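Worksheet: one structure, shown below.
Every value quoted in this text rests on a predicted model; they were computed, and no experiment measured them. Note that ligands are numbered from 1 as they come in the structure, with each ligand's atoms numbered from 1 the same way.
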Amino acid sequence: MQNKNIIVGNWKMNLTAKTAISLIKKIKSSLSRTDLNNCNVIVCPSFVHLQIVQKELIKNIALGCQNIFWEREGAYTGEISTKMAKNLKCKYAIIGHSERRNILNETDVMINKKIKQCQQESIIPILCVGERQEERQSGHTNRILKNQLLKAYHEINLTKFKEVIVAYEPIWAIGTKNPSSPIDANDAAIFIKEVIARNKRIKIENIKVLYGGSVDSHNISNFLNEEFIDGSLVGGASIKASSFTRIIKNSHK
Ligand code: PGA
């Protein structure tokens with residue numbers, strides 16, 4: 001993915017078939033070729049909208065899913081396999097989002113298994129890590145991040161992935177209109193890159209760290225101006241074409 005910023009739209013459990021198609025159509029029509037050449041855009045609709053959105057994709061807009069299951073196939077009611085996702089042209093999967101960790105009790109062990117399964121199917125995981133407010137206040141941010149990273153990537157050879165992407169998403173900043181300061185997000189990005197490079201023996205420049213948490217079209221450039229932040233994972237502002245396309249237009253390197 002060279003040196004372009006990566007902008008991921010996490011549509012979460014929003015939209016209907018009709019509004020999902022309308023959103024992707026509006027995103028496409030509002031972006032120029034230059035916008036798309038300067039930035040890697042990934043959209044992550046709900047599973048049930050992957051197929052219809054995939055039909056609308058154009059060059060430089062890729063598809064991701066918001067989760068996957070860790071087994072290849074079988075009796076796992078309600079789950080979605082990497083093979084199914086791959087079949088629908090998903091190149092990426094968001095793994096370990098804090099909403100899944102906190103609401104659905106997803107553990108580091110499950111996240112590790114999901115990343116291993118992504119590797120089997122050559123899907124690139126976008127691993128989400130981040131601390132709670134009280135962990136930040138008591139000075140434990142780095143310890144939490146290191147623990148999440150090492151457990152998520154346990155016994156995984158990251159050199160086999162085409163790209164290593166981590167989204168730093170402090171939990172207190174998600175959906176709150178209270179983003180991290182760009183400097184703090186940059187410090188976390190440096191720390192994440194160092195931990196991975198040191199423990200997984202890959203070059204720092206091959207690790208991409210996105211910032212996520214209350215990103216909008218006004219604050220995006222403050223984050224991207226920071227040296228170690230390579231893009232953003234956008235939630236709320238990604239389901240409105242006008243705000244998402246403004247974020248992309250403000251994300252040129
Ligand atoms: P937000 O969500 O942009 O709405 O804060 C980010 C995320 O959860 O990925």
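For the pair Ser217/Phe244, no side-chain contact is recorded, criterion being any heavy-atom separation below 4.5 Å from C-beta on. Side-chain contact between Arg101 and Asp108 is present, with at least one heavy-atom pair separated by less than 4.5 Å. Phe69 places none of its side-chain heavy atoms less than 4.5 Å from the side chain of Ile80.
Closest approach of Ile68 and Ala93 over heavy atoms only: CG2-CB, 4.3 Å.
Within ligand 1, the atoms closer than 4.0 Å to a non-hydrogen atom of Gly236 are 1 (P), 3 (O), 4 (O), numbered from 1 in the order shown. Remark: ligand 1 atoms within the under-4.0 Å shell around heavy atoms of His97 are 7 (C), 8 (O), 9 (O). Set against the non-hydrogen atoms of Gly175, the atoms of ligand 1 under 4.0 Å away are 1 (P), 4 (O), 5 (O). Residue-ligand proximity, Gly213 to ligand 1, at heavy-atom distances under 4.0 Å covers atoms 5 (O). Atoms of ligand 1 found under 4.0 Å from any heavy atom of Asn10, numbered from 1 in the order shown, are 9 (O).
For Lys12 and Glu99, the salt-bridge test passes: some basic side-chain N is under 4.0 Å from an acidic carboxylate O.
In this structure, Ala237 falls outside the shell of residues with a heavy atom less than 4.0 angstrom from ligand 1. Not a single heavy atom of Gly212 lies less than 4.0 angstrom from ligand 1.
What sits closest to atom 9 (O) of ligand 1 on the protein, heavy atoms only, is Glu169 OE2, 2.7 Å.
Hydrophobic clustering, with ILVMFWY side chains joined whenever heavy atoms are under 4.5 angstrom apart, groups Leu158 together with Val195. Following chains of ILVMFWY side-chain contacts shorter than 4.5 Å, one cannot reach Met110 starting from Ile123, and the two form parts of different hydrophobic clusters.
Distances between N or O atoms of Ser214 and those of ligand 1 include at least one value under 3.5 Å. Looking at ligand 1, you'll find an N or O of Gly235 within less than 3.5 Å of one of its N or O atoms.
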